[in-house]
Student: 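Take this structure, written in structure tokens, and hold onto it; I'll ask about it next.
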Amino acid sequence: MRVRLKGDAICTLFLLVALCSLLYSQLEHLVPVGNKQLTQKKPSVTPKTFSDSRAPWRPMPPEAMEPRLQVTPVLRQREVANKRVQTTTPSPLSDSAFNFKRYLLNKDNRNFNLLINQPKKCRRTPGGPFLLIAIKSVVEDFDRREIVRKTWGREALVNGKQIQRVFLLGTPKNRTVLATWETLIHQESQTYRDILLWDFMDTFFNLTLKEIHFLNWAAEFCHNVKFIFKGDADVFVNVENIVDFLERHDPTEDLFVGDIIYNARPIRVRKSKYYIPETMYGLSIYPAYAGGGGFLLSSHTMRKLSRACKEVELFPIDDVFLGMCLQRINLKPILHEGFKTFGIVKPSAAPHLQTFDPCFYKDLMVVHSLKVAEIWLMWNLLHSPRLSCTQKKQVKKPFQWKKKAQTTMQTSPLR
Ligand SMILES: *[C@@H]1O[C@H](CO)[C@@H](O)[C@H](O)[C@H]1NC(C)=O
Ligand SMILES: *[C@@H]1O[C@H](CO)[C@@H](O)[C@H](O)[C@H]1NC(C)=O
């Protein structure tokens, strides 16, 4: 009897300890949702994809996304010679020190050759394509391009509107990673006719060059396009919603829509990878800019931006740079709820819902930070004839987790 009691006590104690450690690990898991989301991705990769590197200078934690402050940028006058970045999370990659001096010295070297062009991209459709999807990629990310081609980046008619696609690439920084890169990229270009390759090194701090060169390319080779979506390869884009939205706009007028970030501050912590010294940017906040996952612009705005960006000094962070170009043409970017360029914030009450409710995606336009398989799965779930969401599309309504949670329970297409 006593032995049994003792055994029970030990057992209870053991269970208690196990429960506590479980709770603790859950807590650890839950508390830094924001930070975790920002840092969890592929830690080994150097900042080649936008998402890895871009997230940390969000002006507020993603939890605060819903009650977004819509403050108009205080910044009015621009100082071309200086600019910088804000952040809250110091980067884990901070040893790859950025050489500002060299950057500033080479700043005027901003015209690079186009090694692979698609001059007929926009000439195939009479009157030009309705939407050009331009996706930043790096040579090494062949699988991401493949999945984008097969899913949301398909060149097809969506609601009767022609969609075209290009990938924007520079030359790989580490050529030993993919010795056959030149053969690969030429083969890819021949097969899909969607590769644009420029002769600059494809690094994080050279993404601004990609921005400039793409805008120039679009103005020259795709002037007849109606609208452009520019984004990353690790996003999920609901092209149907985008077309639906764009049909209500005029391509000959200004339009720039995305997940707009207001009043972001340059990072002054020297150790941060995103550190921008005052000599580079002297003001205390950046102009309003679109978060990197993706944004939309009209043909008209594309041409204006292409000209404006030529007059703006190179700045190492491409979305801030584009914000500077927008400011130069005095165009206020529009914040749209459908752009979740920092991923979806899962409600702590229902972490299991996370990203995989297709009914949730149905209402969105762009969701950032998805794995290749997730993009494929979401696209297929969304296009499955078995999908039935009880709620109708409501792209413009701010999203509410409560309602979505109900929807998930009813449909649960993942079994
Ligand atoms: C390039 O990649 C290879 C293989 O991943 C690695 O061993 C090498 O250190 C890298 N070189 C540079 C300069 O990053
Ligand atoms: C950008 O690309 C140019 C041309 O390849 C290269 O010389 C330069 O070092 C790159 N800059 C950065 C910051 O990576």
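Just so you know, ligand 1 is whichever comes first in the structure, and atom 1 is the first atom listed for that ligand.
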Student: Would T301 and S298 count as having a side-chain donor-acceptor pair, cut-off 3.5 Å?
Tutor: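 The answer is yes; a qualifying pair exists.
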Student: Under 4.0 Å from a heavy atom of F112: give me the atoms of ligand 2 that qualify, with their elements.
Tutor: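 Listed by number with element: 4 (C).
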Student: Can you check which of T208, N206, L209 brings a heavy atom nearest to atom 6 (C) of ligand 2?
Tutor: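 Result: the heavy atom closest to atom 6 (C) of ligand 2 is in N206.
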Student: T203 heavy atoms, cut-off 4.0 Å: which ligand 2 atoms fall inside?
Tutor: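 Counting from 1, the qualifying ligand atoms are 12 (C), 14 (O).
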Student: Can a salt bridge be assigned to the pair R175 and E182 using a cut-off of 4.0 Å between side-chain N and carboxylate O?
Tutor: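 Looking at E182 together with R175, the answer is no, because their closest N to O distance does not fall below 4.0 Å.
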Student: Relative to the heavy atoms of F205, which atoms of ligand 2 are at a distance of less than 4.0 Å?
Tutor: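 The list of qualifying atoms is 13 (C).
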Student: Just need the protein heavy atom nearest to atom 7 (O) of ligand 2, so name the residue and atom and give the distance.
Tutor: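 Answer, as residue, atom name and distance: M201 CE, 4.8 Å.
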Student: Indicate, with yes or no, if the rings of F227 and H249 have centres closer together than 6.0 Å.
Tutor: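 No; H249 has its ring centre 6.0 Å or more from that of F227.
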Student: Within the distance-only criterion (no hydrogens, no angle test), does the side chain of R123 pair as donor or acceptor with the backbone N or O of F221 below 3.5 angstrom?
Tutor: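 Checked: no pair found.
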Student: Quick check on atom 9 (O) of ligand 2 - does any protein heavy atom sit closer than 4.0 Å to it?
Tutor: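 Within 4.0 Å: yes, protein heavy atom nearby.
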Student: Backbone N or O of W376 within a donor-acceptor pair of the T151 side chain at under 3.5 Å?
Tutor: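 Here the side-chain-to-backbone pair does not exist.
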Student: Under a 4.0 angstrom heavy-atom cut-off, which atoms of ligand 2 come close to R102?
Tutor: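 Every atom of ligand 2 under 4.0 Å from some heavy atom of R102: 9 (O).
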Student: Apply side chain to side chain contact (heavy atoms under 4.5 Å, CB included) to the pair K173 and N206, showing each step before the final yes or no.
Tutor: CA-CA 11 Å; K173 182 182 162 199; N206 264 347; over 6 Å; no
